[in-house]
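Nothing here was measured: the structure is a model prediction, and the numbers come from that model. The basis for the numbers below is simple: all heavy atoms, side chains too, and nothing from hydrogens, waters or symmetry mates.
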Amino acid sequence: MGVVGLAVMGSNLARNFAHHGHTVAVYNRTTAKTEKFIAEHGDEGEFVPSETIEKFVASLERPRRAIIMVQAGKATDAVIGQLADAMEDGDVIIDGGNSLFTDTIRREREMAARNRHFVGAGISGGEEGALNGPSIMPGGPKESWESLGPLLESIAARAEDGTPCVTHVGPDGAGHFVKMVHNGIEYADMQVIGEAYQLLRFGAGLEPAEIADIFTEWNSGKLGSYLIEITAEVLRQVDAETGKPLVDVILDAAGQKGTGRWTVKEALDLGIPTTGIGEAVFARALSSSLDQRAAAQGNLPAGTLKSFGDLGVDRDEFVEKVRKALYASKLVAYAQGFDEIKAGSAEYGWGVNPGDMAMIWRAGCIIRAVFLERIKEAYDNNPELTSLLLDPYFNSELTDLVDAWRDVVVYATRLGLPAPVFTSSLSYYDSLRAERLPAAVIQGQRDFFGAHTYQRVDKEGTFHTLWSGDRSEVEA
Ligand code: NBP
């Protein structure tokens, strides 16, 4: 196996391959990085370092297989070109970076024209996952999966039942598309945890360490997940310099590298309301609008804010309700993410099995959670599930969650605490279950100003009202 790019992800992945008994050829554009890698990790397995890409390719066993772990975009294109030039017919190039799936579709087409197999593989789990077992989402041709599958299975994370967290997602860009949506869901998941923190901290007035204990307790139940677990760790951390909770000295401006934004852009094109992910991306953007926030602080009327004591809820009850609101909002975000995967798969003809995605996200990746096991079961029970929210198990969970969820949205509103994903997820939920939506009014407005026509509930056909005439209805 060959690995190109020895920054954080590539070096950990190369070590992972070596730890599993594979001989690993390694190459990095800057040779000093290759030398450092060999100096630090050369004794962990069989590594074959090269100073040039030609020597690297020549050192690979045939059919050659090389995984690229470099910066997404131009750098990845440059490396693909260099590898393709040095490789021969039937060799396999794998892009393990966070590439945009449309780039992957283009690259696969270009490589196929040169008789090279190209596999765009989403890899999740950060540096720790790359080293000890990531969740891997490979796309590309089925034939490539046949030769690559066992190799990837050997380094992937394993779920509790021993299943490796990797499967062939579908042709060309399917793997990177699913990885993109995974990251979008990750944004929403992180945001709902943030909103729960915000309510517990600034609503109930709990200290970070107390909230850490609450999250640790939640982690042993239905919300059990890597993200809840690490949030407790973050909240428990004390800043060595000031003695304050670390969370209080971290600037509250969230960064982003783009995969959340891509998920939302693609959802807009597909017409899939991924409101939870969208609000999470916007919440990060708003947090980073530091000048605007500074100008608004103390200068926007807050209305008649209530204090926590006026809510008529005791602290334990509040904490439990926040847990339920977090769970329900998370459920909506996942349901929406899976809707996007299904829509993308239909649009691009990939045949992605949503249950398989839940299966390979159960371990190794950032959104790994107890909950994923239930999602897998939901799709196993009904592969044609219209929405995850309609699965009988999740449906009965929602019965238990919905009142507390509504209360928490009211509490957040009354306390003036932002909870964009809690709130918008509830609106999405209520829109989905509503018998009548105001879309009828919108259709009327559209017909009024633009003669866009409308359909009726009581008969077939397309209609227009002569708004500027006698207001009679005509069939369009
Ligand atoms: P970076 O994304 O920071 O990329 C650094 C690597 O890209 C170095 O090896 C660098 O070589 C190489 N590179 C660049 Br920059 N331009 C190049 C070029 N024109 N030709 C050849 N090599 C070039 O590394 P990373 O954080 O390890 O991530 C690797 C990939 O994995 C990315 O696509 C990333 O989005 C994805 N990913 C990252 C994570 C994570 O947690 N970090 C998680 C999942 C996926 P040099 O040493 O010569 O500059």
Side-chain angles (χ1 to χ4, degrees), residues 180-196 198-199 222-223 260-286 321-344 346 354 357-358 367 369 371-372 374-375 378-379 385-413 417-443:
M180 173 188 80
V181 177
H182 163 286
N183 284 24
I185 292 174
E186 180 183 308
Y187 274 57
D189 209 339
M190 291 167 77
Q191 175 67 23
V192 288
I193 293 171
E195 290 177 19
Q198 184 84 353
L199 282 155
K222 290 175 178 170
L223 286 179
R261 196 166 49 229
W262 290 348
T263 310
V264 179
K265 280 184 175 174
E266 186 59 24
L268 287 171
D269 285 344
L270 290 167
I272 299 297
T274 53
T275 56
I277 301 170
E279 288 293 351
V281 173
F282 283 131
R284 288 198 191 188
L286 194 153
K321 285 184 174 181
V322 169
R323 184 191 69 82
K324 289 186 172 182
L326 163 50
Y327 184 11
S329 309
K330 176 172 161 137
L331 237 173
V332 167
Y334 279 68
Q336 294 175 339
F338 275 90
D339 284 350
E340 183 166 351
I341 289 177
K342 284 193 292 181
M357 300 309 104
I367 63 170
F371 176 75
L372 259 317
R374 290 289 184 176
I375 298 182
Y379 283 111
L385 201 57
T386 318
S387 163
L388 212 45
L389 305 177
L390 294 168
D391 165 70
Y393 172 78
F394 288 125
N395 206 266
S396 78
E397 291 290 89
L398 284 162
T399 308
D400 176 49
L401 303 175
V402 71
D403 283 330
W405 188 12
R406 292 191 193 289
D407 284 345
V408 169
V409 168
V410 172
Y411 297 153
T413 308
L417 293 172
V421 178
F422 281 10
T423 311
S424 66
S425 300
L426 183 56
S427 282
Y428 169 87
Y429 178 79
D430 283 329
S431 296
L432 209 56
R433 44 172 290 286
E435 278 181 32
R436 293 285 292 162
L437 286 172
V441 177
I442 291 167
Q443 285 298 80

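Between F338 and V181 the shortest side-chain heavy-atom distance does not fall below 4.5 Å. The closest side-chain heavy-atom distance from M190 to I193 is not below 4.5 Å. For the pair D430/R406, a side-chain contact is recorded, criterion being any heavy-atom separation below 4.5 Å from C-beta on. T263 has its side chain out of reach of Y187: every pair of non-hydrogen atoms, C-beta onward, lies at least 4.5 Å apart. Side-chain contact check for Y379 versus M357: every heavy-atom pair is 4.5 Å or farther apart. Taking 4.5 Å as the limit, some side-chain heavy atom of Y428 sits within range of a side-chain heavy atom of P273.
For Y334, the ring pair (Phe, Tyr, Trp, His ring centres under 6.0 Å) partners are F371, not counting sequence neighbours. With sequence neighbours left out, E279 forms a side chain to side chain donor-acceptor pair (under 3.5 Å) with no residue at all. Looking at residues two or more places apart in sequence or on another chain, you find a side-chain contact (heavy atoms from CB on, under 4.5 Å) between A267 and T274, E340. Qualifying side-chain contact (heavy atoms from CB on, under 4.5 Å) partners for L390, counting only residues two or more places apart in sequence or in other chains: T386, S387, N395. Looking at residues two or more places apart in sequence or on another chain, you find no side chain to side chain donor-acceptor pair (under 3.5 Å) involving S425.
The distance from the CG atom of L223 to the CG atom of D189 is 9.0 Å, given to the nearest 0.5 Å. To the nearest 0.5 angstrom, H182 atom NE2 is 10.0 Å from I341 atom CD1. Atoms CD1 and CD, from I277 and Q336 in turn, are 6.5 Å apart once rounded to the nearest 0.5 Å. The distance from atom CZ of F394 to atom OG1 of T399, rounded to the nearest 0.5 Å, is 13.0 Å. Rounded to the nearest 0.5 angstrom, I185 CD1 and M180 CE are separated by 10.5 Å.
Annotation for A333 and A188: closest pair CB-CB, 3.6 Å, computed over non-hydrogen atoms. Contact record, W405 with F422: NE1-O, 3.3 Å, taken as the closest heavy-atom pair. L326 and A196 make their closest contact through CD2-CB, 4.0 Å (heavy atoms, listed as atom of the first residue, atom of the second, distance).
Applying the salt bridge (charged side-chain N to carboxylate O under 4.0 Å, His left out) rule to pairs touching residues 390-404 yields K222-E397, K324-D400, sequence neighbours excluded.
For the pair Q198 (side chain) and P418 (backbone), a donor-acceptor distance under 3.5 Å is absent.
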